[in-house]
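Just so it is clear: chains get the letters A, B, ... in the order the sequence lines come, proteins before strands, and each one is counted from 1.
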Amino acid sequence: MKPGEDVTSASDRILLRAAGLTKRYGGVVAIDHVDLTLRSGEVCGIIGPNGAGKSTLVGLLGGALSPTAGRIHFDGSEVTSLPASERARRGIGRTYQIPRPFLDMTVEENLLVAQYSLSPLVGTRAAYAQCRSVLERTGLADAAKMPARALPLLRRKRLEVARALALRPKLLLLDEVGAGLIDAEVTELIGLIHSLVKEIPTIVIIEHVIRLVRECCQRLVVLDFGRQLAQGLTSQVLESDEVAAVYLGTGHGSLKAGPSERASSARARLAQGGQRAGSLAGMVGAGEPKASGAAMPLLRLEAISAAYGQAKALNGIDLVVEAGQAIAILGSNGAGKTTLAKVISGAIKPSSGCMLLNGEDVTGRSAHVLAARGIAHCMEGRRIFQPLTVEENLLIAARGVSAIEQRRRLEEMYLLFPALAERKAASGTAISGGQQQMLAIARALMAKPRLVIFDEISLGLSPIVVDRIYQALGELRAAGLTMLIVEQDMDRVLDLVDYVHVLEHGSFALSGSPPEVKANPRLRHLYIGAAD
Amino acid sequence: MAAQIASTRSLSVGAGSAGIVATALLLLGLGAMIFAPRVVGEYGTEIGFRALIYLTLAEAWNLLAGYGGLVSLGSSSFVGIGAYILMGMLNAGGFGIVTALTASGLGAAALAIMVSPAVFRLRGLYFTVGTLALGEALRLFMINVSYFGGATGIFLKSNPPPTEVLYVYAVALAGIATLVMEIYTGTRFSILLRSVRDDEDAASQVGVRAFRVKLLAFAVASLLMGAAGGLQALKLGAIEPYGMFGLQWSIDTLSIVIIGGLGVRFGPIVGTIFVIALAEALADYPELHLAMTGVILILVIRFAPKGLCGLGQDVCRLLIGRWDRPGMPRAGGALP
């Protein structure tokens with residue numbers, strides 16, 4: 001499988017040809033002389049670890065970024081110097097990895113933008129009819145009249161796809177649309193992509209969800225450090241040891257490896273992690289009594305319920321978190337995991353029940369009050385401050401402490417995540433997805449919290465980066481940090497925590513120690529959700 | 001659910017069948033106002049004229065800032081240009097008032113098109129500062145160029161028409177502004193414009209030519225502002241750069257729209273009525289008036305980001321939709 005070797009069942013018509021594509025940000029080379037040929041009738045996957053340059057490549061093809069060098073030909077003419085709008089009009093549609101809907105417009109209007117911009121004179125009825133059909137296909141029909149701002153993260157991702165489809169593109173670039181979906185939803189997405197093949201000549205899928213790539217793509221391109229590492233038929237690429245090493249990290253088997261193998265290697269990493277724990281002990285809330293029998297629990301929730309308007313999201317949650325414990329909250333999408341995290345951090349006020357922090361009643365207190373009491377929330381979707389640099393993002397969580405202390409905490413974070421130290425002067429969102437997640441975690445830790453809530457920290461990350469992040473969590477755990485981990489990715493969490501709760505429809509359906517929960521036959525049913 | 005949808009739509013689109021009816025009523029009301037001078041007398045007509053000029057400016061500014069996200073502090077540039085063009089043409093002789101007013105508007109639009117390549121390079125706050133600089137630069141230019149009368153300004157050689165006649169022009173201009181806004185915000189232009197407001201990059205990615213979309217809104221708004229400036233100059237009979245290019249025009253327009261409701265179709269009219277009424281009520285206490293306006297602005301921005309109109313809508317929604325509110329997540333809330 002050498003670069004350039006063509007293996008595809010697609011027709012001979014070349015839709016897009018990129019030659020010598022290069023993008024530099026200052027001294028950092030994000031994309032380095034990549035050649036890419038896309039033919040009509042093919043579905044091509046682009047995989048690679050976080051920071052490999054995948055999103056940059058989408059930006060270059062879609063026109064959001066202009067290349068430092070190289071040329072792009074699309075549909076018979078050169079588009080290298082054309083702005084994004086002109087490329088979109090010629091038929092290149094893309095989605096954003098972190099959704100960027102038009103927030104103050106309805107979902108339907110979000111789609112109408114594409115139609116009205118392409119054909120300003122299209123009949124209103126036809127435009128709305130097309131909107132409806134796209135919304136139905138993407139499962140958003142019920143939300144047509146809702147403002148996009150009201151959609152949660154995963155539905156915003158659907159809107160990204162719907163908006164790109166409204167453009168009726170010839171080339172569709174899907175940037176990590178599968179991240180964070182449960183199995184049933186991935187199946188649905190695969191079905192959607194298969195049905196699109198008939199209408200959209202060429203689809204490019206950038207994805208970490210290997211199942212999606214395997215079932216949809218005929219051909220794969222593997223990027224690493226901005227270079228094309230390999231390309232070829234999907235099955236061949238996925239079996240290649242070289243690719244597996246880059247993508248999953250050395251020590252892993254090929255991409256076919258089952259979760260249990262991965263889990264065992266993760267456990268090995270955790271063991272190594274303990275060695276660095278000593279240096280991180282300082283990050284744990286100072287002066288707190290560490291898990292002694294007599295002490296009261298750090299956090300206690302009693303019969304907590306929460307609702308969005310009439311829709312109940314949480315229904316009588318009882319939860320006890322002892323100091324020094326790590327607890328996992330699992331469950332399918334829509335089970336209420338994020339809502340629970342938000343209630344604990346104060347982002348949402350519970351509708352009933354009470355919450356005790358170290359014995360003090362803090363029910364309904366605002367987020368900043370709870371933050372001052374030592375609860376840190378590493379939110380879903382990272383929420384990096386875009387105008388601030390990496391270091392400023394970190395410092396914002398450690399206001400009110402002396403400069404020396406700030407410096408010390410920064411150094412600890414840089415020790416935990418050396419990648420951040422290298423990019424500390426970069427803008428918070430100019431770094432790769434994996435680094436952004438590390439930044440979000442580090443920012444939560446900068447406040448020196450007593451309890452940290454990690455919400456979906458592995459979402460959209462390649463296995464190698466998830467490993468690195470879980471290794472860091474293992475070190476923090478060994479240092480005695482109390483944590484609550486909200487996750488989809490079950491295997492890794494179960495190796496890390498003391499206790500597991502599985503949410504279903506807003507209440508705990510299953511609780512126990514990791515081995516108990518793992519052995520429980522109900523788990524699979526709960527986790528795959530009501531869809532099955 | 002229906003009430004919710006209707007209110008969301010009227011909030012975001014500002015039109016719909018209810019919006020069209022309301023606009024028709026507004027136009028009828030404006031038409032009826034032509035006969036107002038017979039009832040309210042000289043002073044009332046003066047106030048009406050001022051209100052209509054402000055309404056025109058506010059409608060134009062709402063198009064820019066509320067629907068286009070282009071928060072401009074350069075309203076004074078276009079008011080001033082309009083004023084100077086009208087004075088120049090009437091003093092040169094041979095032009096009717098309507099022709100001169102049209103030229104004022106077109107001149108302002110031409111200025112907008114000329115400066116757009118520069119100011120559209122700036123986004124967000126930078127755009128605001130850029131337009132502020134534009135107004136100040138034009139004022140300094142006018143002060144220092146003797147051809148345009150320098151700091152003394154220009155006097156109208158002929159007698160200006162009586163207030164009642166000017167008032168009719170103002171009614172017509174405000175009517176045109178309302179109509180333009182109705183067309184702009186009720187149709188697909190508004191969808192493109194709002195997409196650029198919400199996320200210019202994402203809009204480009206679905207084929208929107210953001211520059212053209214912004215330029216059209218900028219030119220249309222400037223045209224209305226220029227015509228309003230021309231009419232104001234005709235009323236004054238004498239203009240000078242400090243007044244016509246004064247920052248006050250930009251600030252007043254901005255406060256009216258923010259108090260009434262930014263990005264809300266009827267924000268400008270509500271804001272105009274409120275601001276003019278406040279000014280009249282406190283006419284004898286100018287310092288208090290200024291302080292009150294400031295306090296109200298702060299309160300509105302803090303507690304009613306959609307202005308008095310948005311506040312009214314929220315109250316209505318609370319009263320009407322109390323029993324059939326769907327479980328819609330709050331803004332920013334996540335209900336997966």
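Of the atoms belonging to B/L192, it is side-chain heavy atoms, and not backbone ones, that fall under 4.5 Å from chain A. Contact annotation for A/L111: neither backbone nor side-chain heavy atoms come within less than 4.5 Å of a heavy atom of chain B. With a 4.5 angstrom heavy-atom cutoff, A/Y96 touches chain B only via side-chain atoms. Of the two parts of B/A203, the backbone and the side chain both hold a non-hydrogen atom closer than 4.5 Å to a non-hydrogen atom of chain A. The part of A/E86 that comes within reach of chain B is its side chain, from C-beta onward, which places non-hydrogen atoms under 4.5 angstrom from that chain.
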Inset, instruction - Begin from the C-alpha positions of A/L167 and B/Q205 and carry the test side-chain contact (heavy atoms from CB on, under 4.5 Å) through to its verdict. - result: CA-CA 9 Å; A/L167 193 64; B/Q205 216 70 68; over 6 Å; no

Inset, instruction - Could you check A/M105 against B/I191 for side-chain contact (heavy atoms from CB on, under 4.5 Å), going step by step and ending with a plain yes or no? - result: CA-CA 8 Å; A/M105 299 169 70; B/I191 291 195; 3.8 Å; yes

Legend entry - Full working for side-chain contact (heavy atoms from CB on, under 4.5 Å) between B/R209 and A/R89: CA-CA 9 Å; B/R209 290 161 169 151; A/R89 300 176 92 86; 3.2 Å; yes

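Here the straight-line distance linking atom CZ of A/R87 with atom OG of B/S204 works out to 12.0 Å at 0.5 Å rounding. In this structure, CG on B/D198 lies 5.0 Å from CG on A/D104, to the nearest 0.5 angstrom. Rounding to the nearest 0.5 angstrom, the gap separating the CZ atom in B/R194 from the CG atom in A/L103 is 13.0 Å.
For the side chain to side chain contact (heavy atoms under 4.5 Å, CB included) criterion with B/R188, the lone passing option out of A/V113, A/L121, A/V122, A/L112 is A/V122.
When the candidates A/A114, A/A127, A/P83 are compared by the number of heavy-atom contacts under 4.5 Å with chain B, A/A114 comes out ahead. Of the listed residues (A/A148, A/A164, A/P120), the greatest number of heavy-atom pairs within a distance under 4.5 Å of chain B belongs to A/P120.
Between A/F102 and B/D199, the closest heavy-atom pair is CE2-O, 3.5 Å.
Atom CZ of B/F189 sits in a sparse spot, with 12 or fewer heavy atoms from other residues, nucleotides or ligands closer than 6.0 Å.
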